[in-house]
Undergrad: 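Before anything else, here's the structure in question.
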Amino acid sequence: MAKQQFPGLKSGSGLLSKVIVGALALAVLVLVVKYPSDAASWAQGVGSVAADTIDGLVTFFRGLGN
């Protein structure tokens with residue numbers, strides 16, 4: 001039996017989404033090449049925020065268990 005799809009939702013990605021992803025990847029590459037120290041600082045900041053978020057969630061769920 002064939003798979004039924006939801007009306008209005010496409011399963012494949014279109015040209016526009018590929019162009020947007022390509023443009024974002026190119027922008028990140030240009031930022032890293034032109035401003036490597038700034039890009040490293042931004043990456044460290046993102047990593048720090050992610051680590052703090054994970055630590056907060058772990059603390060929250062441990063608190064629920066007590």
Side-chain angles (χ1 to χ4, degrees):
M1 187 171 234
K3 289 173 90 176
Q4 292 183 358
Q5 293 181 344
F6 291 106
L9 296 177
K10 297 179 181 177
S11 59
S13 60
L15 179 64
L16 182 61
S17 64
K18 290 179 183 176
V19 169
I20 291 172
V21 169
L24 289 174
L26 181 63
V28 169
L29 180 65
V30 167
L31 283 173
V32 169
V33 170
K34 287 184 88 170
Y35 308 105
S37 62
D38 290 339
S41 296
W42 296 334
Q44 279 184 327
V46 168
S48 175
V49 168
D52 291 344
T53 301
I54 291 170
D55 287 341
L57 288 171
V58 168
T59 303
F60 172 76
F61 287 116
R62 283 185 180 166
L64 285 178
N66 290 335

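Just so you know, these numbers come straight off a predicted model, no measurement behind them. One is the number of the first residue; the rest follow in order along the sequence.
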Undergrad: Can you tell me how far apart CD1 (Ile20) and CG (Leu15) are? Round to the nearest 0.5 Å.
TA: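 Rounded to the nearest 0.5 Å, the CD1-CG separation comes out at 10.0 Å.
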
Undergrad: Taking only distance into account, with no hydrogens and no angle test, what donor-acceptor pairs under 3.5 Å do side-chain atoms of residues 30-43 form with protein atoms, sequence neighbours excluded?
TA:
| residue | atom | partner | partner atom | Å |
| --- | --- | --- | --- | --- |
| Ser41 | OG | Ser37 | O | 3.1 |

Undergrad: Name each donor-acceptor pair under 3.5 Å that joins a side chain in residues 46-64 to protein atoms two or more places apart or in another chain, with its distance.
TA:
| residue | atom | partner | partner atom | Å |
| --- | --- | --- | --- | --- |
| Thr53 | OG1 | Val49 | O | 2.8 |
| Thr59 | OG1 | Asp55 | O | 2.8 |

Undergrad: Can you name the nearest heavy-atom pair linking Gly14 to Ser17, along with the distance?
TA: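 Nearest heavy atoms, Gly14 then Ser17: O-OG, 2.9 Å.
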
